[in-house]
Protein chains: 2
Amino acid sequence: MNVEWHNIIDNQMSVFSVLNTDEKEQLKRNSTCTQYKKNDIIYKEGDKPSGLICLSKGKVKIFKEGVGGREQIVRMAKPVGFIGYRAIFAEQNYLASAEAIEDCVICTIEKEALFKILKTNSDLAFSIIRSLAFELGLSNNRTVTLTQKHIRGRLAESLVFLKETYGLEEDDSTIKVYLSREDIANLSNMTTSNAIRTLSTFASEKIIALDGRKIKIQDLKGLERISELG
Amino acid sequence: MNVEWHNIIDNQMSVFSVLNTDEKEQLKRNSTCTQYKKNDIIYKEGDKPSGLICLSKGKVKIFKEGVGGREQIVRMAKPVGFIGYRAIFAEQNYLASAEAIEDCVICTIEKEALFKILKTNSDLAFSIIRSLAFELGLSNNRTVTLTQKHIRGRLAESLVFLKETYGLEEDDSTIKVYLSREDIANLSNMTTSNAIRTLSTFASEKIIALDGRKIKIQDLKGLERISELG
DNA sequence: ACATTTGTATGTTTTTTAACATATTTTTAT
DNA sequence: ATAAAAATATGTTAAAAAACATACAAATGT
């Protein structure tokens, strides 16, 4: 627990870096950590959030079910980051579901303890306001991208997005996340068939190289060009 | 100026209702009001926000330019409400443009004055956090709707959305906003031709009645059914 | 009052993408 | 180890929506 906690709270990148020792101690006393296996559901659309979920280890997809149960991924989370923070701050139930795409460790901070500190620490409030506003910008961008770009543009953008979110392996070309073709399709608003087909086309054009779920980016500039043109 | 100000600050619906008299006075001293004519641009994608813009009178569309300059409306603002608050709180430039679709009166609160009060008033901070989180939920919903529903479903949803946002005229059926077919198309992610065509179809099915830009909803239940089915 | 532009309407064609079908490979469970 | 299930791959067909073309009406400027 302590090591996970250190990861979340004391991390330089964390919004909690603005808290003092006492405040951190308070949050810690009101938190619990849990482990999830790959493919485990962390929460489902419609559930009531009990606290702020922090991802300490592993990767998580956040998705909504649309027309006919068709899944749209709206966010890909990485450590250290929050999951489901929109619902807790909007004081609503979850509007999306979260599923572990790798084994994960998450810590949940109780809502009351968090809100109490939020009430007195304006730096934390500013941090959260900035995060939500930033995320809203991303969401509006995604709306335009997914509705206006063609299949190749959407897939190219998703690959660039995955590279920027999770980074590259030591070889400096393999995207550091291993998604099913179906997940790639659900991220890019297309059918699984079309994701497979278009990935194959990119591979035949030497823009990427495929090896199972491993995706190597061979021509980043080319990929970005396809993404921009739509 | 005073009447506009009253409209924005003292309104029950306003997030500023949590402020005390002194705080309201502070904001007022650091605000300016301007008038805009129909079709005037209030700000453009890429501009730097100078303050928090409050819409006191009139209606405004917020839109992004996508592939090939194609416009996607991401929000429709009404009085009393904010415009461009995402950018100011994310501390970014605008990611969308705002245009008056009617003659408008707007008041701009200087960023420094607003942030100063935000620093000391945690209720205001909570209000803003809740608003941003709520809006993020709407944005994610829209992403799924616009990508997954078919033309009829998207248009039906837009009409219901416009009715819920702006309400109905005294006749209890005419939507209280007068948009061009092009704007309706840009709200619903379709071409102008398809918006015109599908509106005509709805009219021939007696779901709506058209008279110029006036849209009467004749069968709300039917419209909602089409929207839900996609 | 007239010409010009802008908005509305509708038919036809073409492109894009989903749906469907069917193998083949890989993973998982027993 | 082997059967069953899931994931991947690719070809074909069908449906949806965009693009294009053209006509007409309404608003606007001179």
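Being a predicted model, the structure only gives us computed values, none of them experimental. Letters go in sequence order (proteins before strands), and every chain restarts at 1.
With B:D47 contributing its side chain and B:K44 its backbone, the two residues share a donor-acceptor pair below 3.5 Å.
Of the residues in residues 194-206 of chain A, those with a non-hydrogen atom less than 4.0 angstrom from any atom of DNA chain C are A:N194, A:R197. At a non-hydrogen distance threshold of 4.0 Å, nothing from residues 67-78 of chain B comes into contact with DNA chain D. Near DNA chain D, meaning a heavy atom under 4.0 Å away, the residues from residues 179-190 of chain B are B:N189, B:M190.
The two residues A:R86 and B:A133 make their nearest non-hydrogen contact at NH1-O, 2.9 Å. Scanning both residues, B:D183 and B:K61, for their nearest heavy atoms gives OD1-NZ, 2.7 Å. The minimum heavy-atom distance between A:G137 and B:L95, with the atom names listed, is CA-CD1, 3.8 Å. Taking every heavy atom of both residues into account, B:R181 and B:L199 meet most closely at CD-CD1, 3.5 Å.
In this structure, A:L210 places its CG atom 14 Å from C1' of D:dA7, rounding to the nearest Å. Counting to the nearest Å, the P atom of D:dA17 and the NZ atom of A:K149 are 21 Å from each other. Separating the CG atom of B:D211 from the P atom of C:dA9 is a distance of 11 Å, rounded to the nearest angstrom. In this entry the distance linking CZ of A:R154 with C1' of C:dA18 reads 11 Å, nearest Å. Look at CD on B:Q148: it is 13 Å from P on D:dA17, rounded to the nearest Å. Per the geometry, OH belonging to A:Y178 stands 18 Å off C1' belonging to D:dT8, to the nearest Å. One can place NE2 of B:H150 at 11 Å from C1' of C:dA19, the figure rounded to the nearest angstrom.
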**Report entry** From CA spacing to verdict: ring pair (Phe, Tyr, Trp, His ring centres under 6.0 Å), A:F16, A:F82
**Finding:** CA-CA 11 Å; A:F16 295 125; A:F82 297 133; 5.7 Å; yes
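Counted within 6.0 Å of OH on A:Y178, heavy atoms from surrounding residues, nucleotides or ligands total more than 12; the atom is thus considered enclosed.
For B:Q148, the side chain to side chain contact (heavy atoms under 4.5 Å, CB included) criterion is met by A:V67, A:R70, A:Q72, B:V144, not counting sequence neighbours. By the side chain to side chain contact (heavy atoms under 4.5 Å, CB included) test, A:K59 pairs with A:I101, A:E102, A:Y166, A:V177, sequence neighbours left out. For B:V60, the side chain to side chain contact (heavy atoms under 4.5 Å, CB included) partners two or more places apart in sequence, or in a different chain, are B:I42, B:L55, B:I62, B:A77, B:I83, B:A98, B:C104. Listed by chain and number, the residues in a salt bridge (charged side-chain N to carboxylate O under 4.0 Å, His left out) with B:E205 are B:R152 (sequence neighbours excluded).
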Taking distance alone, no hydrogens or angles, what donor-acceptor pairs closer than 3.5 Å link side-chain atoms of residues 155-164 of chain A to residues at least two apart or in another chain?
unit_1 : atom_1 : unit_2 : atom_2 : d
A:E157 : OE1    : A:K149 : NZ     : 2.3
A:E157 : OE2    : A:T145 : OG1    : 3.2
A:S158 : OG     : A:R154 : O      : 3.2
A:S158 : OG     : A:S188 : OG     : 2.7

Output a table of donor-acceptor pairs, distance under 3.5 Å, between side-chain atoms of residues 209-220 of chain A and any protein atom two or more places apart or on a different chain; print 'none' if there are none.
unit_1 : atom_1 : unit_2 : atom_2 : d
A:K216 : NZ     : A:D171 : OD2    : 2.9
A:D219 : OD1    : A:G222 : N      : 2.9

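Salt bridge annotation for B:E91-B:K111: present, with a cationic side-chain nitrogen under 4.0 angstrom from a carboxylate oxygen.
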Quick one: which protein N/O atoms are closer than 3.5 Å to N/O atoms of nucleotides 25-30 of chain C? Pair and distance per line, please.
none

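Summary for the helix from C:dA1-D:dT30 to C:dT30-D:dA1: the axes at its two ends, each from 5 pairs, differ by 50° when rounded to the nearest 10 degrees.
Taking every side-chain heavy atom of B:I151 into account, D:dA17 is the closest of C:dT16, C:dT10, D:dA17. Candidate nucleotides C:dC20, C:dG7, D:dA18 were compared by shortest atom distance to the side chain of B:R213, and C:dG7 ranks first.
For the OP1/OP2 pair of C:dT16 and a distance below 4.0 Å, the side-chain nitrogens and oxygens of A:R152 include no atom meeting the criterion.
Residue pairs meeting the salt bridge (Lys or Arg N to Asp or Glu O under 4.0 Å) criterion with at least one member in residues 221-230 of chain B, sequence neighbours excluded, are B:K221-B:E224.
Checking B:N194 against B:T191 by side-chain atom types alone, a donor-acceptor pair falls below 3.5 Å.
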